[in-house]
Structures are given as structure tokens and as C-alpha cells.
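Worksheet: the structure to be examined is printed underneath.
Per chain, numbering begins at 1; letters A, B, ... match sequence-line order.
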Protein chains: 2
Amino acid sequence: MIERDTSNASEGADTVSGRTREALRAAHLYYMQDLTMDAIAHELHTSRSSVSRLLSHARASGLVEISIHSPLDLPSRIEQEILARFEIVAHVVPVPDHATDVDRLDRVALSAARILGRFVDSNQTIGVAWGSTMSAMSRHLVPKSTHNTEIVQLNGAGNGRTTGIVYASELLRRFGDAFGARVQQFPVPAFFDDPATRRAFWKERSTQRLLDLQAGMDVAIFGIGSPFAEVPSHVYQGGYLDRGDYEALSRDGAVGDVATVFYRADGSTDGIALNERATGPDFTVLRRAPRRICVVSGRAKLASLGGALAAGLITDLIVDEGTARALLEP
Amino acid sequence: MIERDTSNASEGADTVSGRTREALRAAHLYYMQDLTMDAIAHELHTSRSSVSRLLSHARASGLVEISIHSPLDLPSRIEQEILARFEIVAHVVPVPDHATDVDRLDRVALSAARILGRFVDSNQTIGVAWGSTMSAMSRHLVPKSTHNTEIVQLNGAGNGRTTGIVYASELLRRFGDAFGARVQQFPVPAFFDDPATRRAFWKERSTQRLLDLQAGMDVAIFGIGSPFAEVPSHVYQGGYLDRGDYEALSRDGAVGDVATVFYRADGSTDGIALNERATGPDFTVLRRAPRRICVVSGRAKLASLGGALAAGLITDLIVDEGTARALLEP
DNA sequence: CCCACCCTTGCACGTTTGTGCACGCGGCTT
DNA sequence: AAGCCGCGTGCACAAACGTGCAAGGGTGGG
């Protein structure tokens, strides 16, 4: 859908504005004047179905923004408690407890995608990780036009079987498209086989350039990996790690990862061998970003989330209700 | 609908928050997660119809706000031209040219009501006129909670047959309810019979108090009266003026009125006899309000609108498309 | 303590909206 | 120059939605 506009550009700017202009007018008539689509179709001399599509377009492209204000006197209790206890801003996504994990993830990702616009602005460098959560998010981003904004891939996505480039680049591209931003890919494997290779590679100028961008991020967006949960995250399915790696992680006491960098329940990372081969940013680098948005769904990630909080990785948390409640329990 | 909350307060604050809380959750599920009302009903353990009503409530009470952003590169051409030519901010409401005047007024009023929230804030004094336009608006206001805000009636509404209090007070009350504001009525006729009575009355302390409030207005909201248009405004139907008055107005060259104060095409008011008996604020007082919002619909009011512009009464104009275009024509 | 009233709920119906499909009009390619 | 392909359009059907109505439940007044 979004792509259409871009490809249509070949028809001349008039046409694309024409569509937007009509969408805008339809949106006015629908949302401000409460006309039915039928009536609008009549006013615009087109069919009702076209109006329906026009309105979808208007919403999907951010022309129409729907926001929900809780009255100041009753913000979600859970969000308040999380703020008090962890000093981070939480957005709790209501999801019934009996929902499946897939549902839960989809719904959190959808909400997250719609909230994201608040954090993204012009002249920013935005770090983006990847994984099933980020992937789901990427499919629902609401476009917002910005200038001079840059999307930077936080960690490599290649593995033994694929370069991971198609997967990660597709995801990044969606972010880039949504915000009219340049995209900086990071074409390396998720984990190097040999720490020495990584160290060597890190000295390359092309790599340095990317690392510099990461070091200057304004916003970082990531999910959380949970290697020992029943439903493993993308990283753990894709053939990125072998049996030996798992055993090492277990031995080292890892409870989760952010952008392929692992940490323990207390947030520490020192001495976790696998991190020597990982491609994500060191937490000292990550923490330089003033805004660090974490999207999590599912109680299975509770322990991992706890570790990430202990590590101080998160400034803004988007999380499903059940997990949020569990977080406050102990 | 709004009243319910207030009257329900007797049930205890829990219940009212309860309803709002549910509405909020339903709104999240509907607008952020794209669930169907059926699915939401299931999650909230209620019926689909209740969810429909809950969502209506959420929109009508301002929990959900729908806003339309034109991309910065294509704001309405008409609005730009009006800004350039008259140095006022225009909001053009799209209405097809063949719409009836009643339709047109309704639609402009609806849009105006929804825009109004942007102008109203805490600690403000807001002057409100009356008439068919204001009345239509008052029925669609989107609540927004404010503190210490005051609604002040700009001009009296009584006439030979009724005190006009029920009509004007109902209108004012709707404004007050919508913004949680105190309401200051102005219980005088629209026009005194004798200028001397008016002058005397103006010296009363209770009147003075109100005039002081008017003089300190932050925002004024008014329509425009068009005495010589084919479809006369409310003032001209309600028995406020007699044949002689009309003749006098015609002789004096009046083309319109704002809050029962008449002016000529060039914006001047001096020597218009009827104004000696009118109850609305003198334009020098009105112009002290930093924000002066005028809502107009219908080409019939074009000449009157021109006069109001010449008088510098307007800082923000909400107007239907046809009239806006006509305004730019000459 | 009972009654009358009002508010809320769910149902059933008619209306409104979303979407797969087939068609037709360009633009681009071969 | 002809054909292919992608895109937007309207149709028709199915899904989703709004609303008048009657019934239930709770509250305040008598």
C-alpha cells in the first residue's frame, strides 16, 4: 500500500497529491462530519467501495490519527506502578489472559507500531533490532514523514544458512519507508564463528561508520530474546546457535538477550562467552541512546525482561497486560 | 449522554470510573488493536451492542480523539490564500455546492464543534454568542476537561415574547458541561426598547461584573447575522426586530451583526442607531479577546462576513468551502 | 417495606462497511 | 507496434455495525 505511492511517483506528483487530497477530503467528511461512505461517494463522484479504500488509505498512511486520552485522574494503575518501581514509562496493552502467544504478540506489536510515531522525529538516528516482535511491528507502522532521519540496524542477521539480508532488510526497509528515512544495513552474521574475526571486522572503516551511527542513536527499538523459554524467539529457531552455544549460555547464567547481546538476571554481561561473537551493540553503547523502547509480549519473557530492566536498558516499555501484572507480582 | 456521568455520580465514583475505564479499554481494543466489536464484547463479557455504545461514548466524551493532519506540503490552497489575504486562520469545511443551507449549516457546525477543543483551555474566559449556528454547534461539542474556565454570554436573548433564557441558557449550559466550566448568563433582552434603559442597566453592579468578564475574554465564539439575506438568521425570525428597525438598519447601511451589534460593509458601526439598544459587546471590547472564532456557513452571509473581516473581528474562521471560495473571488 | 421510575442490557432488525473478483485503462517492455 | 503487467474501479456478497424495543435490576421516595 505504502509502496504504491512511491511507485506512482512516476506518474507525476499531481496524481499522488490527487489521491492524498481526495483521501483527506473523504476523511474530513467521514470523521468530522459523520457522513456515511455512501454519501461521500456521491460527493466525490466515485463508488462507495473506493471511498472505503480511500479511508483505509487515510488511516494507514497517518493522514488520520486516532489517539486515546485517559483522563488524567485515572491512568492505568499498572502503568503508574511500573513507573514508580522501575522508573520507566510503560504502555500496557490490554490482552485477555487466555490469548495464545501468537495473538498476544500480534496485538502488542500492532499497538506498538501505532504508538511508535510519538517517538520518531526528524533529524534522529533510530536503532532497530530484529526478531519476531520487530517483524510483526514492521508490518503495521503508521507512516510519519520526517527529514534527515536514519534507521540503523543494531545487529547482524546472517547465519549458517542464509545471509539474513532479505529478512532483515525487508524489516528495515519497512521502517525506512514509514518514516521516509535512510536505512543503514549491517550485513554481518548474527554471531561470528570466531571472536577474532569479529574484532578484526570491527576495525574495518565501513564497520566503524556503522558503529559510530549506533553510538549516536537517539532512539533504540528492540524486543527481547528469551533463550530458555518454552517458545523460543526467532534467534533460537533460525539456526543461529548450536547445542554447544546453549550449554555455554546456560552455564554462564544468561536469561535473555537484547539485539543478540546476552545478560544475566542481574543485568550483568561480563564473562558471557557468546557475547564475544555477537554483533549487537555493547550495553554501554546502547544506554547512550536517550530513548530505548522495548516491546515485549508473553509471560515466557518475564525473566528476560527482568534482566533487561536490571541492566537499565529500557526507558519505555510496551508490554501486554498479563506480563505487566506478573512483573509487579513478587 | 454527558449528563449521565454527572447524575451517576450519586452511585459513587467507582461506577463512573468503571464505565470510563471500560470505554477506555474498549477503545484500545478497537482503535489500537483493530478487534471487531464482537471480539471486544467477548473480552469484556458483555454484548456487542454494549460495546458499540461504549465506543460511541468514548468518542462523544473525548476519550478518543480523531484528528486529520494534512501533509505539510499540501495544506488547502483556499486556507493559504485566506491567510495571505486577510491574515486570519481559516478552517475550510468541505461541503458540496448543491447542499441545502440547512445541511451546510449543520455540517459546518459539526466540524466547528469538533475543532473547538483546540481553542479551549483551562483558566480561560470564553465568550459565547447565540444564534442558529451556535445552537447547532452546541449540540455536538466534544467534552474536554478544564479547570477554572468560565463561559460568558455575550449578548442578551430576551424579546417581546420570551425571556430567551431557556433557549440561551440551554445553549450555554452545553458549552459549560462540555468543558466543565462555570456559566455566566446575561439575562437581558437582545435589544432594549429604550437606549436610556440600557445605559442605566449598564451601570448596575451585577451588569458591570459581567461586562468586566467580557472585557477580559481570552476567546470569543460567534456566528454572523445577516439581516438582509434571503434566509434570515435566528435574530430576525424570533421577533426581536420590527419593521421599523429593519428600515433603520437599511438606512444606516448595516450589512450584518456579531452578537447583535451591527456594522457596515467597511466594518464601521458609528451612527447605527440600533446599536444603542443592543446588548452585545462593543467591537473595541470584543477585539480585546486574543482569539476570536467565527463560524459561518452559506453564501448568503458573504457580505456580512466581509464586513466582519473589515472590522477586524475575526482571528479564526470556520467556514464552508463554497463561501470561502466566494470570499476570494472579487 | 413496597412501588415507581430510570438506567442499562441484550436481542433483532436494517443499515453500513470491508473485500474477493473481474474488468479496463494506462505505461513499459520486448 | 503489440503485448504484458500492474493498478485502480465497481459489483456483489458477507461481515460488521447502530439502534428501537422490551425486559431486568437497582435506587430513591413514599
Side-chain angles (χ1 to χ4, degrees), chain A residues 1-61 63-64 66 106-107 110 139-140 177, chain B residues 1-61 63-64 66 107 110 139-140 142 177:
Chain A
M1 295 168 180
I2 304 152
E3 295 87 327
R4 276 180 207 155
D5 270 0
T6 329
S7 59
N8 265 0
S10 54
E11 286 181 63
D14 268 358
T15 311
V16 58
S17 302
R19 184 170 171 82
T20 304
R21 210 175 276 279
E22 286 227 308
L24 220 45
R25 173 173 276 252
H28 262 286
L29 297 173
Y30 193 74
Y31 291 108
M32 295 287 130
Q33 297 187 25
D34 288 348
L35 299 198
T36 74
M37 295 187 181
D38 227 351
I40 298 172
H42 207 257
E43 293 201 5
L44 299 187
H45 307 293
T46 179
S47 73
R48 199 182 48 69
S49 20
S50 294
V51 174
S52 172
R53 287 186 264 254
L54 221 43
L55 288 170
S56 298
H57 171 71
R59 269 170 299 182
S61 63
L63 290 178
V64 170
I66 302 185
D106 269 348
R107 291 171 58 170
L110 182 53
R139 273 188 290 275
H140 300 290
D177 282 355
Chain B
M1 295 167 179
I2 305 151
E3 295 87 327
R4 277 180 206 155
D5 269 358
T6 329
S7 59
N8 265 359
S10 54
E11 289 181 60
D14 268 358
T15 311
V16 57
S17 302
R19 183 169 173 83
T20 304
R21 210 175 276 281
E22 286 226 309
L24 220 45
R25 172 174 275 251
H28 261 287
L29 296 173
Y30 192 75
Y31 291 108
M32 296 286 131
Q33 297 187 25
D34 288 347
L35 300 197
T36 72
M37 294 187 181
D38 229 349
I40 298 172
H42 207 259
E43 293 199 6
L44 299 187
H45 307 293
T46 179
S47 74
R48 199 181 48 71
S49 21
S50 294
V51 174
S52 172
R53 287 187 263 255
L54 222 40
L55 288 170
S56 298
H57 171 72
R59 271 170 296 182
S61 64
L63 290 177
V64 171
I66 301 184
R107 291 172 58 170
L110 183 52
R139 273 188 290 273
H140 299 290
V142 178
D177 282 356

Which angle, rounded to 10°, do you find between the first-five-pair axis and the last-five-pair axis of the helix from C/dC1-D/dG30 to C/dT30-D/dA1?
-> 30°

Could I get the full list of side chain to side chain donor-acceptor pair (under 3.5 Å) partners for [X], not counting sequence neighbours?
X	result
B/Arg25	A/Glu321
A/Thr36	none
A/Tyr31	A/Arg59

What is the distance, rounded to the nearest whole Å, between atom [atom1] of [X] and atom [atom2] of [N]?
X	N	atom1	atom2	value
B/Asp34	D/dA16	CG	P	13 Å
B/Glu22	C/dT8	CD	P	13 Å
B/Ile40	D/dA16	CD1	C1'	12 Å
B/Tyr31	D/dC17	OH	C1'	11 Å

I'd like a list of close polar pairs between nucleotides 14-17 of chain C and the protein, N/O only, cut-off under 3.5 Å.
unit_1: C/dT17; atom_1: OP1; unit_2: A/Tyr30; atom_2: OH; d: 3.1
unit_1: C/dT17; atom_1: OP2; unit_2: A/Met37; atom_2: N; d: 2.8

Mind checking B/Ser56 for me? I need base, sugar-phosphate or nothing, with any heavy atom below 4.0 Å counting as a touch.
-> nothing

When all nucleic acid strands are considered with a 4.0 Å heavy-atom cut-off, which category describes B/Ser49: base, sugar-phosphate, or nothing?
-> base

Determine whether A/Leu29 and B/Arg107 make a side-chain contact, defined as any pair of heavy atoms from C-beta on separated by less than 4.5 Å.
->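 The answer is yes; the side chains approach within 4.5 Å.
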
Collect all protein-nucleotide pairs involving nucleotides 21-24 of chain C in which both atoms are nitrogen or oxygen and the distance is under 3.5 Å.
none

Can you check whether A/His42's main-chain N or O pairs, donor with acceptor, with A/Thr46's side chain at less than 3.5 Å?
-> no

Answer yes or no: is there an ion pair linking A/Glu22 with A/Arg53, defined by an N-O contact shorter than 4.0 Å?
-> no

